[in-house]
Each structure stands twice: as C-alpha cells, then as structure tokens.
Student: 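I'd like to ask some things about the structure below.
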Amino acid sequence: MAKGLMMTYTLWAVGGVLGLHHLYLGRDSHALLWMLTLGGFGVGWAREFFRIPAYVSEANSVANRKRPRDDVQPPAGPTRFAGQVCVGIYFGTAALIGLNSLSFFYVIVLPLSVVAGVHLVSSVGSQTSDLWKTLPACLLTSLIFYGSRLSPLPISVVATVTATQNRKFKRPQPPGPLCPRLFRLSLVLLAFSAPLGYSIFHNTTATLYYISDCVASILDMFWFLPWLRGVLEYFLLLPYRILCLLTGGIGYTEEAWRKILDILLQERSERERLALKVLSLNEEATQEEITLRYRELVKIWHPDHNLHQPLEAQKMFIKIQEAYETLSHRRKPRRNG
C-alpha cells in the first residue's frame, strides 16, 4: 500500500516527536529513536520537515529496491555521527541513573547501554552497522574509564567511530504487520523506562544529586572559557525555565529554590547519617576510611562466608552496599598528620 505525503505530514505535526510518521512509513528504528528521545530532543523532529518527501519516496520504493552489494558502504554523514554520540551518551546517562547500583555495572551494563544507543542511530534509514564489532570496543573503553561519571562520553565516541567504520546497507524488505511491530517497540520502551522510572520515583534525592554532579563535571571542563560555560549552563537550565513559565513562575524565586535545596540537603544528611551507622563510622570519616570499612564488612558479611545464616547475611550485605553507595560522593577533607 502506497504511503501518502499529506498523511505523513499530518502524523509528523500531530505526533512527530513520538515517531508516528516513521511508524506509518515502516521505519521502526527511527520511530523507536524518536520515542526514546522525543524527536531527537526536538531538533531532529524540526529538521524532518524538509526530509519527509524523501522518506515517503523511500518507503514506496522498498519493494522494488535492489539489494546492495556487501562491499559497498553507505556514505558517512556528520548528522548521523553527532546523533550517535549524543544518543550513546543519553543512553549511558540513563543507565547511570537507573542501574548504577549493580555490581557489574561498569563492566557490562554501561557499555551495553551505550552501544544500544549508538547502534539504534546507526540502524536508522537504509543503513546499519556491525554490532558485534562495536560492542568489544565499548567493553574495552568502559574498563579504561571504569568508575568515572563522564565515562559515557568516551565510550560513546569510540562506539560511534567503530560503528561508522563498519557501516553497511540493510537488506530491503517491507515492514510486517503493525501489531507485532508495536509489541516489539513496547517491550523496548518498557526495558528502557522501567529502571529509570524506578530510580526517579524511589530514589529521587540521589538522582537529583547525581544529575547535579554530572552537570557540574561537564561545566568544570570549560573553566578556561567562562563565556562558553555560561552559555552551556543557560541551555542546561532551559527546561527548568520553561517549566517555570508554564506554571506561572512557581518555584522560580530564589527563596523557593533555597527551600527546595534545604529539603534535599536535609534528606541527604539523614541518609548519610544512617549509612554511617551501618558502617559504624563517625561524621568525620574520610573517604579512605569509608572504603576501608566497607571492604572489611563486605568480607565479614558476604553470603558465601555465612552459610549458617544466609538470609541475615544477604540482608546485611545489601545494607552495606547501599550505605557505601550513599557515602561514595561525600566530600570530606583528608586529615593531616
């Protein structure tokens, strides 16, 4: 069935940021990307106004398109390259927020998340990339930058370069029935949003602090260019400013912001106090003392060392892990002498 240009533009205008027009054209990878990034953070959706005729023409010619030779590479473009880097960082940051408590996070979860974002952008349109060549590069880079808050950036760059070098054309085939396609897209959306939603609703304070630390780390990279730092800070706070405008300026005053900050700090302090109690440390404990005590308690309460009381050992082991995660970002000065 031929796809209509006017119908595509209508879907683009009504639900373009959710990828409805791409779903209509059978471009499921592009539709999924738009669903997860709200239209490529809005920029990609606006840019598509001029590209929709080409998308419609491509969708109507799928059945007659010849299979490309395996040794022919599609052209590399700066837009796709930039999109791969940005979406890779976006997926990695979402994983850092929702899944960073996993013990094997930096070894497996983070590189898998970044490579998923990069590969999704690589698979938009008529081309894709070799996932099994991109994944090892991500795993190796993740080990090199193990534990760094900014690790999604180098992992995403390496993954994008590798994916670009191994790009190839897809085999042309018409889209299948709509229901199975929607089912697959729903599963991917659930897999992406469930950990992030759980973290946001059940660990709101820690999430806000982590986002704040990430933003501060990014801004600190531009200390030598104060004007550029100011521009970046303005755009990073732009969603908050828009929210304030939509709500009539509620919460935009300095006094209200201080109240919110005081609440967050109070809750954070309480969490740290309980964490110190679990580790049997005082308020003046340094990061080195926290790490040392954590390692000692982990050895003592590891379930493998407490076979006579496995349930109690497992509960205590989890408490110790959570306490260490809470205290891992404390900024206590190192003691002298």
Student: Examine Val114 and Ile144 and state if one hydrophobic cluster contains both, with Ile, Leu, Val, Met, Phe, Trp and Tyr joined whenever side-chain heavy atoms are less than 4.5 Å apart.
Tutor: no
Student: Which residue pairs pass the ring-ring contact (aromatic ring centres under 6.0 Å, His included) test with at least one member in residues 172-197, sequence neighbours excluded?
Tutor: Tyr90-Phe192, Phe91-Phe192
Student: Determine yes or no for a side-chain-to-main-chain donor-acceptor pair under 3.5 angstrom, with Arg80 supplying the side chain and Val124 the backbone.
Tutor: yes
Student: Check the side chains of Gln84 and Ser122 for a donor-acceptor pair under 3.5 angstrom, ignoring hydrogens and angles.
Tutor: yes
Student: Are the side chains of Ile155 and Phe145 in touch, meaning some heavy atoms are under 4.5 Å apart?
Tutor: no
Student: Strictly distance-based, threshold 3.5 Å: is any side-chain N or O of Lys170 a donor or acceptor partner for the main-chain N or O of Gly125?
Tutor: yes
Student: With sequence neighbours excluded, tell me which residues meet side-chain hydrogen bond (donor to acceptor under 3.5 Å, both in side chains) with Thr128.
Tutor: Ser123
Student: Once rounded to the nearest 0.5 Å, what's the spacing between atom CG of Leu18 and atom CH2 of Trp45?
Tutor: 11.0 Å
Student: To the nearest 0.5 angstrom, please state how far the CG atom of Leu32 sits from the CG atom of Leu36.
Tutor: 4.5 Å
Student: For residues Val298 and Tyr294, determine if any side-chain heavy atom of one lies less than 4.5 Å from a side-chain heavy atom of the other.
Tutor: yes
Student: Any side-chain donor-acceptor pair under 3.5 Å between Glu48 and Trp34?
Tutor: yes
Student: Spell out, yes or no, whether Phe81 and Phe169 are grouped together once hydrophobic residues are joined by side-chain heavy atoms under 4.5 Å, including indirect joins.
Tutor: no
Student: Between the main-chain N or O of Leu311 and the side-chain N or O of Gln314, is there a donor-acceptor pair closer than 3.5 Å?
Tutor: no
Student: Considering non-hydrogen atoms only, spot the tightest contact between Leu279 and Ile320 and give its length.
Tutor: CD2-CG2, 4.0 Å
Student: Is a side-chain donor or acceptor of Ser151 paired with a backbone partner of Ser148 at a separation under 3.5 angstrom?
Tutor: yes
Student: If you measure only the distance, is there a donor-acceptor pair under 3.5 Å linking the side chains of His119 and Ser129?
Tutor: yes
Student: If you group Ile, Leu, Val, Met, Phe, Trp and Tyr by side-chain heavy-atom gaps below 4.5 Å, do Leu5 and Tyr24 land in one group?
Tutor: yes
Student: Keeping Ser156 on the side-chain end and Leu153 on the backbone end, is there a donor-acceptor pair under 3.5 Å?
Tutor: no
Student: Heavy-atom distance under 4.5 Å between the side chains of Lys319 and Trp301, does that happen here?
Tutor: no
Student: Examine distances only and state if a side-chain atom of Ser57 and a backbone atom of Pro53 form a donor-acceptor pair shorter than 3.5 Å.
Tutor: no
Student: How long is the gap from CD1 on Ile318 to NZ on Lys315, to the nearest 0.5 Å?
Tutor: 9.5 Å
Student: Take atom CD in Glu296; do more than 12 heavy atoms of anything else shown fall under 6.0 Å from it?
Tutor: yes
Student: Rounded to the nearest 0.5 Å, what separation is found between the OG atom of Ser142 and the CZ atom of Phe105?
Tutor: 8.0 Å
Student: Report yes if some heavy atom in the side chain of Val115 is under 4.5 Å from a heavy atom in the side chain of Pro111; otherwise report no.
Tutor: no
Student: Could you check if a side-chain atom of Leu185 sits within less than 4.5 angstrom of a side-chain atom of Leu23, using non-hydrogen atoms only?
Tutor: yes
Student: Tell me which pairs pass salt bridge (Lys or Arg N to Asp or Glu O under 4.0 Å) where either residue lies in residues 172-194, with sequence neighbours left out.
Tutor: Asp28-Arg181
Student: Could you check whether any side-chain N or O of Gln73 sits under 3.5 Å from a backbone N or O of Gln165, counting only pairs where one atom can act as donor and the other as acceptor?
Tutor: yes
Student: Tell me whether His21 contacts the main-chain N or O of Tyr9 through its side chain, where contact means a donor paired with an acceptor under 3.5 Å.
Tutor: no
Student: Taking C-beta and beyond as the side chain, do Ile89 and Val85 meet within less than 4.5 Å on heavy atoms?
Tutor: yes
Student: With a cut-off of 6.0 Å (strictly less than), are more than 12 heavy atoms of other residues, nucleotides or ligands near NZ of Lys3?
Tutor: yes
Student: Output the distance between atom CE (Met316) and atom NE2 (His302), rounded to the nearest 0.5 Å.
Tutor: 14.5 Å
Student: Do the side chains of Ile300 and Asn306 get nearer than 4.5 Å, heavy atoms only?
Tutor: no
Student: Do Trp12 and Val14 share a hydrophobic cluster, counting only Ile, Leu, Val, Met, Phe, Trp and Tyr and linking them when any side-chain heavy atoms are less than 4.5 Å apart?
Tutor: no
Student: For a 4.5 angstrom cut-off between non-hydrogen side-chain atoms, does Gln287 reach Thr291?
Tutor: yes
Student: Distance check, rounded to the nearest 0.5 Å: Asn166 atom CG versus Leu131 atom CG?
Tutor: 11.0 Å
Student: Are the side chain of Arg295 and the backbone of Leu292 linked by a donor-acceptor contact shorter than 3.5 Å?
Tutor: no
Student: Determine whether the aromatic ring centres of Tyr55 and His22 lie less than 6.0 Å apart.
Tutor: yes
Student: Taking Ser280 for its side chain and Leu276 for its backbone only, find out whether a donor-acceptor pair lies under 3.5 Å.
Tutor: no
